[in-house]
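Structure first, commentary second.
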Amino acid sequence: MHEAYDIQHVQEKWLPIWDQIQPFRSGKADDPRPKKYVLDMFPYPSGDLHMGHAEAYALGDVIARYWVQKGFNVMHPIGWDSFGLPAENAAIKRNSDPREWTYENIEIQKSSMRRFACSFDWDRVLHTSDPEYYKWNQWLFLEMYKKGLAYRKDAAVNWCPTCQTVLANEQVVAGLCERCDSVATKKKLNQWYLKITDYADRLLDDMQQLEGQWPEKVLMMQRNWIGRSIGAEVDFAIEGRDAPVTVYTTRPDTLHGATFMVVAVDSELATELVTGTGVESDFAKYLESVKAATDIDRLATDRPKTGIFLNRYAINPVNGEKIAIWASDYVLADYGTGAIMAVPAHDQRDLDFARAMKLPVTVVVESDEEDPNISGVATTGDGVMVNSGSLNGLNKADAINKIIEELAGKKLGKSAKNYRLRDWLISRQRFWGTPIPIIHCPSCGEVPVPHDQLPVALPSAKGLDLKPKGTSPLGAVEDWVNVACPQCGAAAKRDADTMDTFFDSSWYYLRYTNPNLSDQAFDRKEIDKWLPVDQYVGGVTHAILHLLYSRFFTKALHDMGYLGFTEPFSKLLNQGMVLMDGSAMSKSRGNLVKLSDELATHGVDAIRLSMVFAGPPEDDVDWADVSPAGSLKFLNRAWRISGDITSPAGCDFTKGDLALRKVTHKALHEISFAVETFRFNVAVARVMELVNATRKAIDSGCGAADPAVREAAEAIAISLSLVAPYTAEEMWERLGHKPAIALAGWPTIDPALLAEDAVTVILQINGKIKDRIEVSPNISETELEKLAFENPEIKAALAGAKPSKIIVRAPKLVNIVL
RNA sequence: GCCCCCGUAGUCCAAUGGCAGAGACAGAGGACUUAAAAUCCUUCCAGUGUCGGUUCGAGUCCGACCGGGGGCACCA
């Protein structure tokens, strides 16, 4: 019988020893190693860890442990994103305080992480629901308030009728609440916003720094989300109104083709324009019907155009034509100026509207395509300007430049930019979040809570009705909400809303530098030492929200003088999801795989290895495709080698078998390269090869006593320590070393051992392989060419024919072209 | 509708423009065993979605199409 190691025993054996050694503490002041900040996205404490966590932390650990082996002072912290709705919902169900559920779950996850052998620095833990943390949320909010980055406004906001709270734009997905999939509605409310739009250009332009360091997909998603558009603003005089109406257009070149104007029906402008026209009641009816429609209705792509003529006219500034003003819901009140010039010939939406309302269509760009009047298809491409006065004959780009110049000269327009990005709504009408540190005073208005009164702590939820009812439960806590105004002392009320939890996670990576600091959010000296994050690891689900907000916070803090950098995460790795049979795991789907079951059956190392080896880290892992049993088999195979070694620890490797030494050094070299380029699956494959080669050397080669075999075994153990820490530690002990292998150090690679003695050269004729020859890797091109022509196969194939071209790539191939 | 990514054995996946197969899963056969498990060894299988181009040479670069996935979407 072949021995196999006892997984559970090995796990229990090493955990207390590692607790003692603490190989991953990064807080020592005199640490001479260069720094590396490796960060895993922190979890939400929603019960025990699941398969997705296991994948994410297995991958993050490969990176963190690799850099430790390479001699870096790695900060690899963990914390909990512990405010949020699930805790509140659980509290409602259990009739308890959200704190109980939250901190219970944190303890459960913490002990699972320890067992999973995550290389976290347990001295740097934070929870966003601790008053010591959210105090600094409040401080940060007030700093932003001072700078005008936090402000209140009335607006129609997204509202989830089930969660009974407002939602950020980013939290409405296809018209549904991202959390509970209820149809989101609109509600007019006075709410707190952060002015992220002030940073739109920098959020876009700074992505240059991230090119090649972040997944292209994420950069693309952020670009799409910010949605910068470049165009012009044009003033249209309005009959019977002193001030003109400004429209935004990306196609000022088509201004001569503007045959009507459309204003957003739900804009103040529309209401103002309709007043006194006699169509007020029809307008009101239309507005009501639009308001009744949900976002779902609005998103229907083939929805017919609707609208109402406002019985008023604008004057086209370039040709003096009187054009009708309509109100419609296809123009958005909160984008651009809420009013557009309609050019039906060259914009499909305008054309659809014109055809529905029987409005004129004037072609001003001539192209090969059919007249939109006939085809019903707007021509949106480039062409030659016609019917456009001074622009006639120009192409699109030239016409845009010229018209903007002309309009600017007459003070009728200018170039302009617009963004799809909107300001970030952060008020939430829920209990389990950071209270907004503002006091509303009847005479002083909004008053910030003075710094020495922070944190504004959450009261106990005891006896509180947390059920969603549209206003914050905090408003009902009399002795909490009623306070004296810090300015005039009069009776005033606290703002009862709490902050979006994305606020909490937008700066937590700064706090890890000293999570226990009590007089500041963070210490600039520590920040300068550790930040920016060298490697961020997390799911692509946060590609827009969390990453965009964090980038915004970093830039805002930079501008306030608190940070010396403008991008928080230098490198980003997005791991894929763990699926089962092709779809996301869920209880209702019946394809849930429990992490605890998998760990009990196969052990921590085999599960970690399976996650890492399943494929490229960015790809989804289908658990149906992986074999944890196979992983365990391999680990046993590797472990057995450590027991076969008969040479003493510390023996001289240079006396070992040269062939195996070369294999070992080449493997180490390739494993390093694969890890640094995130091809962890390839790195594992290389370790497997090394194990196979070592097995062969022991059984039928140089034998177990050869120092090269020990060298190989130690290389295997150290490589495996990135993925399978228990097995690696066990091997290390059997090899006669003391723990922890995590600190063993990456073996030094001897470049001389990477050089091949002989390489195979391919000999081709017309790209077809005729023969292979062994040559020295240092062979010159002329020498190689000579050898090729001396080769019998080549000679035979050539049969005296004269080559027209000879390609020599020493020491790889010779291709003779006839 | 606009934009992005991906198509390699039965499966998951490797391959700085240079021998398509590194590694694994599954399958088949064998060794060991009274037998099984475990272990070890051997082995089968595709020519890279399709068509065209660039090149001495294309899985890799370019173009079109087909298929799959994703982002944005009445954003003027």
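In what follows, chains are A, B, ... by sequence order, proteins preceding strands, each numbered from 1.
Within 6.0 Å of atom NE2 in A:H669, 12 or fewer heavy atoms from other residues, nucleotides or ligands are found, so the atom counts as exposed in its surroundings.
Between the CG atom of A:D329 and the P atom of B:A76 there is a distance of 17 Å, given to the nearest Å. The nearest whole Å value for the distance from the CG atom in A:L219 to the C1' atom in B:C3 is 14 Å. Protein atom CD1 of A:I807 is 8 Å distant from nucleotide atom C1' of B:G57, rounded to whole Å. For A:I773 and B:C19, the CD1 to P distance is 16 Å, given to the nearest whole Å.
With P as the reference atom, B:A46 and B:G10 are 8 Å apart, rounded to whole Å. Comparing the P positions of B:G49 and B:A14 gives a spacing of 14 Å, expressed to the nearest Å. The gap from the P atom of B:C13 to that of B:G52 amounts to 29 Å, rounded to the nearest Å. Taking the C1' atoms as reference points, B:G29 lies 22 Å from B:G21, given to the whole Å. Comparing the P positions of B:C44 and B:A22 gives an interatomic distance of 12 Å, to the nearest angstrom. Taking the C1' atoms as reference points, B:G63 lies 16 Å from B:U55, given to the whole Å. Rounded to the nearest Å, the gap between the C1' atom of B:U50 and that of B:A38 is 48 Å. Separating the C1' atom of B:U11 from that of B:U54 is a span of 35 Å, rounded to the nearest Å.
With B:G57, B:C40, B:G23 as the candidates, the nucleotide lying closest to the side chain of A:N815 is B:G57. The nucleotide whose nearest atom lies closest to any side-chain atom of A:R637 is, among B:C41, B:A14, B:C3, B:C41. Closest approach to the A:D625 side chain among B:C12, B:G23, B:A14 is made by B:C12 (side chain taken as heavy atoms from C-beta onward). Checked against B:C40, B:G18, B:A76, the side chain of A:I340 finds its nearest nucleotide in B:A76. Side-chain proximity of A:I544 to the nucleotides B:C40, B:C72, B:G23 is greatest for B:C72. In the set B:A14, B:C19, B:G18, the nucleotide with an atom closest to the side chain of A:V682 is B:A14. Comparing atom distances between the A:Q764 side chain and each of B:A76, B:G18, B:G71 picks out B:G18 as nearest. Which of B:A76, B:G71, B:A14 sits closest to the side chain of A:R686 comes down to B:A14. The side chain of A:P616 lies closest to B:C13 when the candidates are B:C13, B:G71, B:C56. In this structure, the nucleotide among B:A76, B:C25, B:C72 sitting nearest to the side chain of A:T250 is B:A76.
Note that NZ of A:K633 is 14.0 Å distant from NE2 of A:H602, once rounded to the nearest 0.5 Å.
Heavy-atom distances to RNA chain B give each of A:R695 and A:A339 a nearest nucleotide, and the one nearer the 5′ end belongs to A:R695. Toward the 5' end of RNA chain B, the nearer of the two residues A:G630 and A:K633, judged by each one's closest nucleotide, is A:G630.
The pair A:E216-A:R223 meets the salt-bridge criterion, since a charged nitrogen lies less than 4.0 angstrom from a carboxylate oxygen.
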Checking A:K770 against A:E793 for the salt bridge (Lys or Arg N to Asp or Glu O under 4.0 Å) test, could you report, in this order, the C-alpha distance in whole Å, the side-chain angles of both residues, the deciding distance, and whether it holds? CA-CA 6 Å; A:K770 291 295 166 194; A:E793 295 287 333; over 6 Å; no
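A cation-pi arrangement, defined by a distance under 6.0 Å to the six-membered ring centre and an angle within 45 degrees of its axis, is present between A:K305 and A:Y330.
Taking the six-membered ring for Trp and the full ring otherwise, A:Y419 and A:Y335 have centroids separated by 6.0 Å or more. A:W424 and A:Y193 have their aromatic ring centers separated by at least 6.0 angstrom.
At distances below 3.5 Å, at least one donor-acceptor pair connects side-chain atoms of A:Q348 with backbone N or O atoms of A:A378. Judged by distance alone, with hydrogens and angles left aside, the side-chain atoms of A:D622 form a donor-acceptor pair with the main-chain N or O of A:D581 at under 3.5 Å.
Residue-level contact check: A:S631 touches neither bases nor backbone, having no heavy atom under 4.0 Å from any strand.
Where pairing requires Watson-Crick or G-U contacts shorter than 3.5 Å, the helical stems of RNA chain B with at least three consecutive pairs are B:1-7 with B:66-72, B:10-12 with B:23-25, B:27-31 with B:39-43, B:49-53 with B:61-65.
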